[in-house]
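As the structure is a computational prediction, the values presented were derived from the model and not from experiment. Both counts, for ligands and for their atoms, begin at 1 and track the order of listing.
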Amino acid sequence: MAQVTKVNIRNLPEEEFFYGHKACPGCGGSLAVRLAMKVLGSRTLTAVPANCMSAVSFYYPVMNFTNNGLAGTFPGTASILTGIEAGAKSLGWEDCPVVGFAGDGGTADIGLQALSGAIDRNDHIIYVCYDNEAYMNTGIQESSLTPYGMKTTTSPAGNNIHGCQTHKKNMFEIVAAHGIAYAATASVGYPQDFMNKIAKAKANPGTSYIHVMAPCPTGWGVPMNETISIAKKAVDAGLWYLAEYENGEFKLNRDPKTFIPVGDYLLKQSRFKHLDENDLKIIEAEREKVWKRIRTKW
Ligand SMILES: Cc1ncc(C[n+]2csc(CCOP(=O)(O)OP(=O)(O)O)c2C)c(N)n1
Ligand code: SF4
Ligand SMILES: [Mg+2]
């Protein structure tokens, strides 16, 4: 991979490429798109499938990307990116990063097959999954990245069943298992880390996948001015981690050593407020399992 200049507050472009959109105040997804676009720049070719980010920024005749962009089908992100990259190449366009911003549902559920194919071909594309842990655009339904215990409209919290009954699918390790050229996890709570990973993806001549945790105040039930602090708390509680996969190796970027209690993160959010002691123990046990694997195998 080419040498990558570190992104910092001094060299970050002031120019914006994603603004004026209709996302809810405090939307983590729109912040992720905005920060990524600052690093990728004006020559970027952007595709956004059906999700909140396309709903808030492509409403005819308005488009809130100032670069070249299109709204695509829900399952099609990776195949659309493949087509854009091939088209740009055939037109002789150079230095045009090709990026997609898909949600958790559009990535881990309906878009997984196209993503797997693109990674297998090592297409020169950047796939960003902004993870708000549910299908938000259609009214907060469960996806396979919805965490255990989260209340959604399809996994309600009642007396017997307390929200989602499965743990998050591990997309990062799924794409790594393909032998992808570059993959990373990130969080809008750590914007500099996220932007540096986007910069690495920009320099990578093969497929890059970046999975960014992007809180949704509306679906999570947190105040709109707590997006960043709640994103940080997920990492502090060990329920999200910042890592990279490069040259066939995993690397942890942040190792908290000790975690804050999971309740300090979860019980601040109305999507989890029904959880009891037993639920918290189940979530803690899963956390221990994940971290044991990371610490012994990476
Ligand atoms: C084939 C198909 N099925 C269903 C839909 C309806 N739909 C549009 S957006 C969406 C949810 C997207 O969820 P996610 O990818 O997590 O993005 P978010 O809305 O959370 O930003 C669904 C189900 C669709 N557009 N196309
Ligand atoms: S519902 Fe959530 S993800 Fe969608 S625009 Fe609002 S805050 Fe962002
Ligand atoms: Mg989502």
Side-chain angles (χ1 to χ4, degrees), residues 18-37 46-60 62-65 69-81 99-115 127-147 150-155 163-164 166 168-169 171-172 174-175 185-189 209-231 234 240 268-272:
F18 183 62
Y19 58 89
H21 52 72
K22 301 197 291 186
C24 315
C27 173
S30 63
L31 178 59
V33 174
R34 177 183 161 218
L35 295 177
M37 286 305 305
T46 302
V48 193
N51 58 33
C52 269
M53 290 309 106
S54 57
V56 304
S57 66
F58 289 86
Y59 43 100
Y60 184 81
V62 175
M63 178 174 97
N64 296 110
F65 285 91
L70 67 82
T73 58
F74 192 26
T77 314
S79 42
I80 293 166
L81 297 179
V99 68
F101 295 103
D104 46 289
T107 300
D109 297 340
I110 200 168
L112 189 52
Q113 181 176 333
L115 174 60
Y127 189 110
V128 178
C129 171
Y130 70 93
D131 186 1
N132 52 28
E133 306 197 313
Y135 291 23
M136 295 306 180
N137 181 48
T138 40
I140 321 177
Q141 293 87 21
E142 177 183 318
S143 80
S144 57
L145 293 180
T146 300
M150 176 175 170
K151 182 177 78 172
T152 71
T153 49
T154 50
S155 58
C164 176
T166 50
K168 282 172 84 72
K169 194 187 269 187
M171 273 306 301
F172 174 57
I174 289 172
V175 299
T185 59
S187 165
V188 296
Y209 175 87
I210 298 190
H211 194 120
V212 57
M213 187 53 62
C216 161
T218 308
W220 290 21
V222 291
M224 62 189 170
N225 59 353
E226 288 183 14
T227 303
I228 300 297
S229 57
I230 205 76
W240 188 242
K268 281 186 154 301
Q269 309 171 52
S270 62
R271 61 177 177 152
F272 292 120

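- The shortest distance between side-chain heavy atoms of V212 and L35 does not fall below 4.5 Å.
- Residues lining ligand 1 at a heavy-atom distance below 4.0 Å are given as A50, N51, C52, F74, G103, D104, G105, G106, I110, Y130, N132, A134, Y135, M136, N137, T138, ordered by chain and residue number.
- Seen from the ring of Y59, K22 counts as a face-on cation partner, given the 6.0 Å and 45° thresholds.
- Put simply, the side chain of S187 never gets that close to the backbone of W240: no donor and acceptor are under 3.5 Å apart.
- Side-chain atoms of H211 and Y209 include a donor-acceptor pair closer than 3.5 Å.
- Partners of D109 according to the side-chain contact (heavy atoms from CB on, under 4.5 Å) rule, which considers only residues two or more places apart in sequence or in another chain, are Y135, S143, S144, K169.
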Verdict with supporting geometry, D131 and K168, salt bridge (charged side-chain N to carboxylate O under 4.0 Å, His left out): CA-CA 11 Å; D131 186 1; K168 282 172 84 72; 2.6 Å; yes

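- Using modelled atom types, one side-chain atom of T153 and one backbone atom of G139 make a donor-acceptor pair closer than 3.5 Å.
- Panel note: side chain S54, backbone P49; a donor-acceptor pair is recorded below 3.5 Å.
- Under a 3.5 Å cut-off, the side chain of N64 and the backbone N or O of G20 do form a donor-acceptor pair.
- Proximity of M171 to T185: side-chain heavy atoms (C-beta onward) are nowhere separated by under 4.5 Å.
- If you look at the Mg ion (ligand 3), the protein N, O or S atoms less than 2.8 Å from it are D104 OD1, N132 OD1, A134 O.
- A salt bridge between K268 and E226 is absent, with no side-chain N of the basic residue lying under 4.0 Å from a carboxylate O of the acidic one.
- Residue P217 has at least one heavy-atom neighbour below 4.0 Å for each of these atoms of ligand 2: 7 (S).
- Side-chain atoms of V188 and M213, non-hydrogen and from C-beta on, never get closer than 4.5 Å to each other.
- Distances under 2.8 Å from atom 4 (Fe) of ligand 2 pick out the protein N/O/S atoms C52 SG.
- Each of T77, N51, T46 was scored for a side chain to side chain contact (heavy atoms under 4.5 Å, CB included) with F101, with one residue passing: T46.
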